[in-house]
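Worksheet: one structure, shown below.
Every heavy atom of this structure was used, including side-chain atoms; hydrogens, water molecules and symmetry mates were not.
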Amino acid sequence: MLDVMIKGALGQSQFDIKFTAKPGVTALFGPSGAGKTTVANAIAGLWRPAEGRIAFGAEVWFDSALGVWVPPHKRKLGYVFQDARLFPHLSVAQNLRYGGAHDWERLITLLDLTPLLDRKPAHLSGGQKQRVALARALMRAPDVVVMDEPLASLDAPRKAEILPYLSRLRDISGVPIIYISHAMAEVAELATDLVLIDQGHVRDAGPLNAVLTNPANLPLLGPRDRGAVLHAEVTKHDKTAGLTELTFAGGTLRLPGQVGRLQQMLSLHIPAQDVILAHDVPQAMSALNALPARVVSLSQLQSGSVIVSLEVGETQILSQITQHSANALKLDEGQSLFAIIKATAMGASRV
(Lines give C-alpha, C1' and ligand atoms only; values in the text may rest on other atoms or scores of the structure.)
Protein backbone atom coordinates (compact mmCIF):
# COMPACT_ATOMS: atom_id res chain seq x y z
CA MET A 1 0.00 0.00 0.00
CA LEU A 2 1.00 3.63 -0.51
CA ASP A 3 0.98 5.74 2.65
CA VAL A 4 0.91 9.51 2.17
CA MET A 5 1.29 12.06 4.96
CA ILE A 6 2.50 15.53 4.00
CA LYS A 7 2.48 19.02 5.45
CA GLY A 8 3.87 22.20 3.96
CA ALA A 9 3.25 25.39 2.04
CA LEU A 10 3.36 26.01 -1.70
CA GLY A 11 2.76 29.62 -2.65
CA GLN A 12 -0.21 30.80 -0.61
CA SER A 13 -1.56 27.28 -0.08
CA GLN A 14 -1.08 25.25 3.07
CA PHE A 15 -1.18 21.44 2.83
CA ASP A 16 -2.07 18.88 5.46
CA ILE A 17 -2.73 15.58 3.68
CA LYS A 18 -3.01 12.05 5.00
CA PHE A 19 -4.40 8.95 3.26
CA THR A 20 -3.56 5.39 2.27
CA ALA A 21 -3.98 3.97 -1.24
CA LYS A 22 -4.30 0.23 -1.72
CA PRO A 23 -4.18 -1.68 -5.04
CA GLY A 24 -6.98 -0.38 -7.23
CA VAL A 25 -7.92 3.20 -8.08
CA THR A 26 -7.88 5.90 -5.42
CA ALA A 27 -9.39 9.06 -6.88
CA LEU A 28 -8.34 12.50 -5.66
CA PHE A 29 -11.42 14.68 -6.07
CA GLY A 30 -12.29 18.22 -5.11
CA PRO A 31 -12.79 21.77 -6.37
CA SER A 32 -10.34 23.42 -8.78
CA GLY A 33 -7.35 24.72 -6.85
CA ALA A 34 -7.90 22.25 -4.00
CA GLY A 35 -4.34 20.93 -4.34
CA LYS A 36 -4.87 17.57 -6.03
CA THR A 37 -2.02 17.92 -8.54
CA THR A 38 0.31 19.19 -5.83
CA VAL A 39 -0.37 16.04 -3.83
CA ALA A 40 0.32 13.92 -6.92
CA ASN A 41 3.58 15.81 -7.49
CA ALA A 42 4.64 15.17 -3.89
CA ILE A 43 4.06 11.43 -4.40
CA ALA A 44 6.11 11.54 -7.62
CA GLY A 45 8.91 13.51 -6.00
CA LEU A 46 8.27 16.67 -8.03
CA TRP A 47 7.53 18.67 -4.88
CA ARG A 48 9.25 18.22 -1.53
CA PRO A 49 6.96 19.08 1.41
CA ALA A 50 8.32 20.57 4.62
CA GLU A 51 7.14 17.65 6.73
CA GLY A 52 5.73 14.19 6.34
CA ARG A 53 6.28 10.69 5.09
CA ILE A 54 5.55 8.92 1.79
CA ALA A 55 6.18 5.19 1.63
CA PHE A 56 5.27 2.26 -0.56
CA GLY A 57 5.21 -0.68 1.84
CA ALA A 58 8.63 -0.83 3.48
CA GLU A 59 10.19 1.38 0.81
CA VAL A 60 10.36 4.94 2.11
CA TRP A 61 10.43 7.68 -0.53
CA PHE A 62 10.24 10.65 1.81
CA ASP A 63 10.56 11.02 5.57
CA SER A 64 11.30 14.47 6.93
CA ALA A 65 12.07 13.14 10.42
CA LEU A 66 14.67 10.70 9.10
CA GLY A 67 16.00 13.01 6.39
CA VAL A 68 15.02 10.56 3.62
CA TRP A 69 14.38 11.95 0.13
CA VAL A 70 14.34 9.66 -2.90
CA PRO A 71 14.54 11.69 -6.15
CA PRO A 72 11.83 11.22 -8.80
CA HIS A 73 13.87 9.05 -11.16
CA LYS A 74 14.58 6.54 -8.39
CA ARG A 75 10.96 6.09 -7.37
CA LYS A 76 9.27 3.14 -9.09
CA LEU A 77 6.38 5.25 -10.26
CA GLY A 78 4.60 5.81 -13.55
CA TYR A 79 3.12 9.27 -14.22
CA VAL A 80 0.47 9.94 -16.88
CA PHE A 81 -0.25 13.62 -17.53
CA GLN A 82 -3.19 15.44 -19.16
CA ASP A 83 -1.28 15.57 -22.41
CA ALA A 84 0.54 12.46 -23.55
CA ARG A 85 4.00 14.15 -23.67
CA LEU A 86 5.32 11.79 -26.31
CA PHE A 87 8.55 12.48 -28.16
CA PRO A 88 7.36 13.77 -31.57
CA HIS A 89 10.45 12.57 -33.48
CA LEU A 90 10.15 8.97 -32.22
CA SER A 91 7.77 6.24 -33.33
CA VAL A 92 5.29 4.72 -30.88
CA ALA A 93 7.58 1.72 -30.41
CA GLN A 94 10.56 3.99 -29.70
CA ASN A 95 8.53 6.09 -27.25
CA LEU A 96 7.52 2.93 -25.43
CA ARG A 97 11.04 1.54 -25.23
CA TYR A 98 12.21 4.85 -23.81
CA GLY A 99 10.01 4.10 -20.79
CA GLY A 100 11.20 0.50 -20.55
CA ALA A 101 10.16 -2.85 -21.93
CA HIS A 102 8.57 -4.60 -18.94
CA ASP A 103 5.69 -6.86 -19.97
CA TRP A 104 5.94 -5.54 -23.54
CA GLU A 105 3.74 -8.10 -25.29
CA ARG A 106 1.00 -8.07 -22.67
CA LEU A 107 0.75 -4.27 -22.55
CA ILE A 108 0.83 -3.92 -26.32
CA THR A 109 -2.03 -6.41 -26.55
CA LEU A 110 -3.97 -5.00 -23.60
CA LEU A 111 -3.94 -1.47 -25.02
CA ASP A 112 -4.34 -2.51 -28.68
CA LEU A 113 -1.13 -0.79 -29.78
CA THR A 114 0.20 -3.25 -32.36
CA PRO A 115 -1.21 -1.31 -35.38
CA LEU A 116 0.31 1.91 -34.03
CA LEU A 117 3.90 0.88 -33.31
CA ASP A 118 5.43 2.37 -36.47
CA ARG A 119 3.50 5.65 -36.36
CA LYS A 120 4.76 9.00 -35.11
CA PRO A 121 2.67 10.88 -32.50
CA ALA A 122 1.53 13.42 -35.12
CA HIS A 123 -0.40 10.63 -36.81
CA LEU A 124 -2.25 9.48 -33.67
CA SER A 125 -5.62 10.57 -32.33
CA GLY A 126 -5.86 11.98 -28.83
CA GLY A 127 -7.15 8.70 -27.48
CA GLN A 128 -4.37 6.74 -29.16
CA LYS A 129 -1.74 9.08 -27.70
CA GLN A 130 -3.10 8.52 -24.20
CA ARG A 131 -3.04 4.76 -24.67
CA VAL A 132 0.62 5.01 -25.65
CA ALA A 133 1.31 7.22 -22.62
CA LEU A 134 -0.37 4.65 -20.36
CA ALA A 135 1.71 1.82 -21.82
CA ARG A 136 4.92 3.83 -21.46
CA ALA A 137 4.19 4.51 -17.79
CA LEU A 138 3.47 0.84 -17.11
CA MET A 139 6.54 -0.42 -18.95
CA ARG A 140 8.64 0.93 -16.11
CA ALA A 141 7.12 -1.84 -13.94
CA PRO A 142 5.98 0.81 -11.45
CA ASP A 143 4.93 0.15 -7.87
CA VAL A 144 2.54 3.12 -8.09
CA VAL A 145 0.83 4.85 -11.04
CA VAL A 146 -0.24 8.50 -10.90
CA MET A 147 -2.74 9.78 -13.49
CA ASP A 148 -3.35 13.53 -13.47
CA GLU A 149 -6.58 14.12 -15.41
CA PRO A 150 -5.47 11.86 -18.27
CA LEU A 151 -8.78 12.32 -20.12
CA ALA A 152 -9.25 16.06 -19.60
CA SER A 153 -8.06 17.03 -23.09
CA LEU A 154 -10.21 14.43 -24.86
CA ASP A 155 -13.71 14.81 -26.28
CA ALA A 156 -16.55 12.55 -25.14
CA PRO A 157 -16.06 9.82 -27.79
CA ARG A 158 -12.33 9.59 -27.04
CA LYS A 159 -13.03 9.40 -23.30
CA ALA A 160 -15.48 6.57 -23.92
CA GLU A 161 -12.76 4.85 -25.95
CA ILE A 162 -10.13 5.11 -23.19
CA LEU A 163 -12.20 4.31 -20.08
CA PRO A 164 -12.46 0.55 -20.76
CA TYR A 165 -8.67 0.37 -21.05
CA LEU A 166 -8.31 2.14 -17.71
CA SER A 167 -10.76 -0.30 -16.15
CA ARG A 168 -8.69 -3.22 -17.42
CA LEU A 169 -5.51 -1.68 -16.03
CA ARG A 170 -7.17 -1.26 -12.65
CA ASP A 171 -8.20 -4.91 -12.64
CA ILE A 172 -4.90 -6.47 -13.69
CA SER A 173 -2.14 -4.10 -12.61
CA GLY A 174 -2.22 -5.00 -8.91
CA VAL A 175 -0.72 -1.63 -7.95
CA PRO A 176 -2.15 1.52 -6.34
CA ILE A 177 -3.35 3.97 -9.00
CA ILE A 178 -3.77 7.61 -7.95
CA TYR A 179 -6.34 9.13 -10.29
CA ILE A 180 -7.12 12.85 -10.46
CA SER A 181 -10.27 13.99 -12.22
CA HIS A 182 -12.98 16.66 -12.16
CA ALA A 183 -15.41 14.28 -13.90
CA MET A 184 -17.61 12.26 -11.56
CA ALA A 185 -18.49 9.87 -14.42
CA GLU A 186 -14.82 8.84 -14.63
CA VAL A 187 -14.49 8.53 -10.88
CA ALA A 188 -17.69 6.48 -10.62
CA GLU A 189 -16.48 4.07 -13.30
CA LEU A 190 -12.92 3.62 -12.12
CA ALA A 191 -12.46 4.40 -8.45
CA THR A 192 -12.54 1.96 -5.58
CA ASP A 193 -11.72 4.66 -3.02
CA LEU A 194 -12.11 8.43 -2.91
CA VAL A 195 -10.01 11.11 -1.23
CA LEU A 196 -11.94 14.38 -1.05
CA ILE A 197 -9.54 17.36 -0.96
CA ASP A 198 -10.36 21.00 -0.32
CA GLN A 199 -7.92 23.88 0.27
CA GLY A 200 -5.00 21.50 0.73
CA HIS A 201 -6.73 19.36 3.36
CA VAL A 202 -8.32 15.92 3.23
CA ARG A 203 -11.97 16.36 4.17
CA ASP A 204 -12.83 12.67 3.87
CA ALA A 205 -11.30 9.45 2.56
CA GLY A 206 -12.56 5.91 2.20
CA PRO A 207 -14.68 3.65 -0.01
CA LEU A 208 -16.18 5.57 -2.92
CA ASN A 209 -19.87 5.38 -2.02
CA ALA A 210 -19.26 6.02 1.68
CA VAL A 211 -17.52 9.32 0.88
CA LEU A 212 -20.06 10.37 -1.76
CA THR A 213 -23.05 9.77 0.51
CA ASN A 214 -21.56 11.38 3.63
CA PRO A 215 -23.80 14.43 4.28
CA ALA A 216 -20.81 16.41 5.57
CA ASN A 217 -19.23 16.25 2.11
CA LEU A 218 -22.19 17.59 0.15
CA PRO A 219 -21.01 21.26 0.06
CA LEU A 220 -17.82 20.15 -1.71
CA LEU A 221 -19.67 18.30 -4.48
CA GLY A 222 -21.33 19.89 -7.50
CA PRO A 223 -25.07 19.44 -8.12
CA ARG A 224 -24.50 16.58 -10.61
CA ASP A 225 -21.74 15.03 -8.50
CA ARG A 226 -23.99 14.52 -5.50
CA GLY A 227 -25.31 11.02 -5.58
CA ALA A 228 -24.32 7.42 -5.04
CA VAL A 229 -22.47 4.63 -6.81
CA LEU A 230 -23.70 1.07 -6.40
CA HIS A 231 -22.70 -2.24 -7.91
CA ALA A 232 -25.28 -4.49 -9.54
CA GLU A 233 -25.22 -7.73 -11.56
CA VAL A 234 -26.70 -8.02 -15.04
CA THR A 235 -29.38 -10.70 -14.71
CA LYS A 236 -31.57 -10.28 -17.80
CA HIS A 237 -31.68 -8.75 -21.27
CA ASP A 238 -35.29 -8.15 -22.29
CA LYS A 239 -35.00 -7.61 -26.05
CA THR A 240 -38.74 -7.22 -26.49
CA ALA A 241 -38.95 -4.34 -24.01
CA GLY A 242 -35.48 -3.04 -24.89
CA LEU A 243 -34.31 -3.19 -21.28
CA THR A 244 -31.54 -4.64 -19.14
CA GLU A 245 -32.30 -5.85 -15.60
CA LEU A 246 -29.71 -5.65 -12.86
CA THR A 247 -29.94 -6.88 -9.30
CA PHE A 248 -28.26 -5.72 -6.10
CA ALA A 249 -28.96 -6.16 -2.39
CA GLY A 250 -31.66 -3.46 -2.53
CA GLY A 251 -33.69 -4.91 -5.39
CA THR A 252 -33.89 -4.83 -9.19
CA LEU A 253 -33.04 -1.95 -11.52
CA ARG A 254 -33.89 -1.54 -15.20
CA LEU A 255 -31.79 0.32 -17.75
CA PRO A 256 -32.61 1.09 -21.38
CA GLY A 257 -31.01 -1.02 -24.10
CA GLN A 258 -28.68 -3.99 -23.80
CA VAL A 259 -26.10 -3.09 -21.20
CA GLY A 260 -23.20 -5.36 -20.33
CA ARG A 261 -23.39 -9.14 -20.47
CA LEU A 262 -25.18 -11.62 -18.24
CA GLN A 263 -23.60 -12.05 -14.77
CA GLN A 264 -21.37 -9.04 -15.33
CA MET A 265 -21.06 -6.59 -12.44
CA LEU A 266 -21.71 -2.98 -13.37
CA SER A 267 -21.11 0.25 -11.50
CA LEU A 268 -24.16 2.54 -11.47
CA HIS A 269 -23.93 6.26 -10.75
CA ILE A 270 -27.26 7.59 -9.47
CA PRO A 271 -27.36 11.41 -9.21
CA ALA A 272 -29.32 12.68 -6.20
CA GLN A 273 -31.23 15.09 -8.44
CA ASP A 274 -32.73 12.15 -10.33
CA VAL A 275 -34.16 10.28 -7.34
CA ILE A 276 -37.84 11.05 -6.66
CA LEU A 277 -39.52 10.14 -3.36
CA ALA A 278 -43.07 8.90 -2.81
CA HIS A 279 -45.07 7.23 -0.03
CA ASP A 280 -46.62 4.86 -2.57
CA VAL A 281 -45.57 3.66 -6.02
CA PRO A 282 -47.32 5.93 -8.54
CA GLN A 283 -49.40 4.13 -11.14
CA ALA A 284 -48.83 4.46 -14.90
CA MET A 285 -45.55 6.35 -14.50
CA SER A 286 -42.73 6.46 -17.06
CA ALA A 287 -39.99 5.84 -14.49
CA LEU A 288 -39.16 2.11 -14.35
CA ASN A 289 -37.47 1.82 -10.99
CA ALA A 290 -39.26 2.10 -7.64
CA LEU A 291 -37.26 0.75 -4.71
CA PRO A 292 -38.37 0.40 -1.08
CA ALA A 293 -36.20 2.71 1.01
CA ARG A 294 -35.77 3.99 4.55
CA VAL A 295 -34.85 7.58 5.46
CA VAL A 296 -31.51 7.68 7.29
CA SER A 297 -31.01 11.44 7.59
CA LEU A 298 -31.98 14.84 6.19
CA SER A 299 -29.45 17.56 5.35
CA GLN A 300 -30.17 21.17 4.42
CA LEU A 301 -28.26 22.81 1.57
CA GLN A 302 -27.64 26.55 1.29
CA SER A 303 -29.64 26.53 -1.94
CA GLY A 304 -32.75 25.67 0.06
CA SER A 305 -32.81 22.07 -1.14
CA VAL A 306 -32.82 19.05 1.13
CA ILE A 307 -30.60 15.99 0.69
CA VAL A 308 -32.30 12.84 1.90
CA SER A 309 -29.98 9.95 2.76
CA LEU A 310 -31.73 6.67 2.03
CA GLU A 311 -31.01 3.07 2.82
CA VAL A 312 -32.02 0.70 0.03
CA GLY A 313 -31.24 -2.77 1.26
CA GLU A 314 -27.70 -2.35 2.58
CA THR A 315 -26.85 0.34 0.04
CA GLN A 316 -27.01 4.06 0.71
CA ILE A 317 -28.26 6.45 -1.98
CA LEU A 318 -29.21 10.13 -1.96
CA SER A 319 -32.19 12.15 -3.12
CA GLN A 320 -32.16 15.93 -3.56
CA ILE A 321 -35.60 17.52 -3.24
CA THR A 322 -37.03 20.93 -2.41
CA GLN A 323 -37.88 21.97 1.13
CA HIS A 324 -41.49 22.21 -0.02
CA SER A 325 -41.48 18.55 -1.08
CA ALA A 326 -39.81 17.48 2.16
CA ASN A 327 -42.54 19.27 4.13
CA ALA A 328 -45.31 17.81 1.97
CA LEU A 329 -43.97 14.28 2.46
CA LYS A 330 -43.50 14.95 6.20
CA LEU A 331 -40.12 13.26 6.03
CA ASP A 332 -38.46 11.99 9.17
CA GLU A 333 -35.62 9.64 10.05
CA GLY A 334 -36.61 6.00 9.97
CA GLN A 335 -39.55 6.62 7.65
CA SER A 336 -40.26 4.04 4.92
CA LEU A 337 -41.06 5.17 1.38
CA PHE A 338 -40.13 4.52 -2.26
CA ALA A 339 -37.14 5.87 -4.19
CA ILE A 340 -38.13 6.30 -7.84
CA ILE A 341 -35.30 6.44 -10.38
CA LYS A 342 -35.60 7.08 -14.11
CA ALA A 343 -33.87 4.38 -16.13
CA THR A 344 -32.20 7.00 -18.31
CA ALA A 345 -30.72 8.81 -15.28
CA MET A 346 -28.25 6.09 -14.35
CA GLY A 347 -24.81 5.90 -15.89
CA ALA A 348 -23.63 2.29 -16.05
CA SER A 349 -20.09 1.08 -16.45
CA ARG A 350 -18.14 -2.10 -15.92
CA VAL A 351 -16.87 -2.70 -12.37
Results of side chain to side chain contact (heavy atoms under 4.5 Å, CB included) for T38 - residues two or more places apart only: L10, F15, W47
Donor on one side chain, acceptor on other, E186 and S181, under 3.5 Å: yes
Counterpart residues, side chain to side chain contact (heavy atoms under 4.5 Å, CB included), relative to F81 (two or more places apart): Y79, D83, R85
Nonpolar side-chain network containing L90, other nodes, edges under 4.5 Å: F87, Y98
Non-hydrogen side-chain atoms of S309 and P215 separated by less than 4.5 Å: yes
V259 backbone acceptor or donor facing T244 side chain under 3.5 Å: yes
Carboxylate-amine/guanidinium contact R131 E161, below 4.0 Å: yes
Side chain to side chain donor-acceptor pair (under 3.5 Å) partner of N327, chosen from K330, Q323, H324: Q323
CA sep, side-chain torsions, deciding dist, call: R226, D274, salt bridge (Lys or Arg N to Asp or Glu O under 4.0 Å): CA-CA 10 Å; R226 296 177 189 132; D274 295 320; over 6 Å; no
Side chain to side chain contact (heavy atoms under 4.5 Å, CB included) partners for H201, two or more places apart: D16, R203
Any donor-acceptor pair under 3.5 Å from Q320 side chain to V306 backbone: no
Backbone N/O of V275 and side chain of S319: donor-acceptor pair under 3.5 Å: yes
Flag, side chain of Q130 to backbone of G127, donor-acceptor distance under 3.5 Å: no
Heavy-atom donor-acceptor pair, D63 side chain to L66 backbone, under 3.5 Å: yes
Those residues that, when tested against R48, pass salt bridge (charged side-chain N to carboxylate O under 4.0 Å, His left out) (two or more places apart): none
Trace of the side-chain hydrogen bond (donor to acceptor under 3.5 Å, both in side chains) decision for D148 with Y179: CA-CA 6 Å; D148 187 1; Y179 192 89; over 6 Å; no
P121 and N95, any side-chain heavy atoms less than 4.5 Å apart: yes
Residues D3, K22: salt bridge by 4.0 Å N-O rule: no
Under 3.5 Å donor-acceptor, T235 side chain and E245 backbone: yes
Donor-acceptor under 3.5 Å (R75 side chain, V70 main chain): yes
Set of side chain to side chain contact (heavy atoms under 4.5 Å, CB included) partners for T240, sequence neighbours left out: D238
Donor-acceptor contact below 3.5 Å, side chain K36 vs main chain G30: yes
Side chain to side chain, I321 and V308, heavy atoms closer than 4.5 Å: yes
Short side-chain to backbone donor-acceptor contact, H102 and L138, under 3.5 Å: no
Sidechain-backbone polar pair: Q335 side chain, D332 backbone, donor-acceptor under 3.5 Å: yes
Salt bridge flag under 4.0 Å for residues R106 and D103: yes
Cation-pi check, R97 onto W104 ring (under 6.0 Å, within 45° of axis): yes
4.5 Å side-chain heavy-atom contact, L163 and L151: yes
Parallel, tilted or perpendicular, as decided by the 30° and 60° cut-offs, for the rings of F56 and W61: parallel
I178 vs M147 side-chain heavy atoms within contact, under 4.5 Å: no
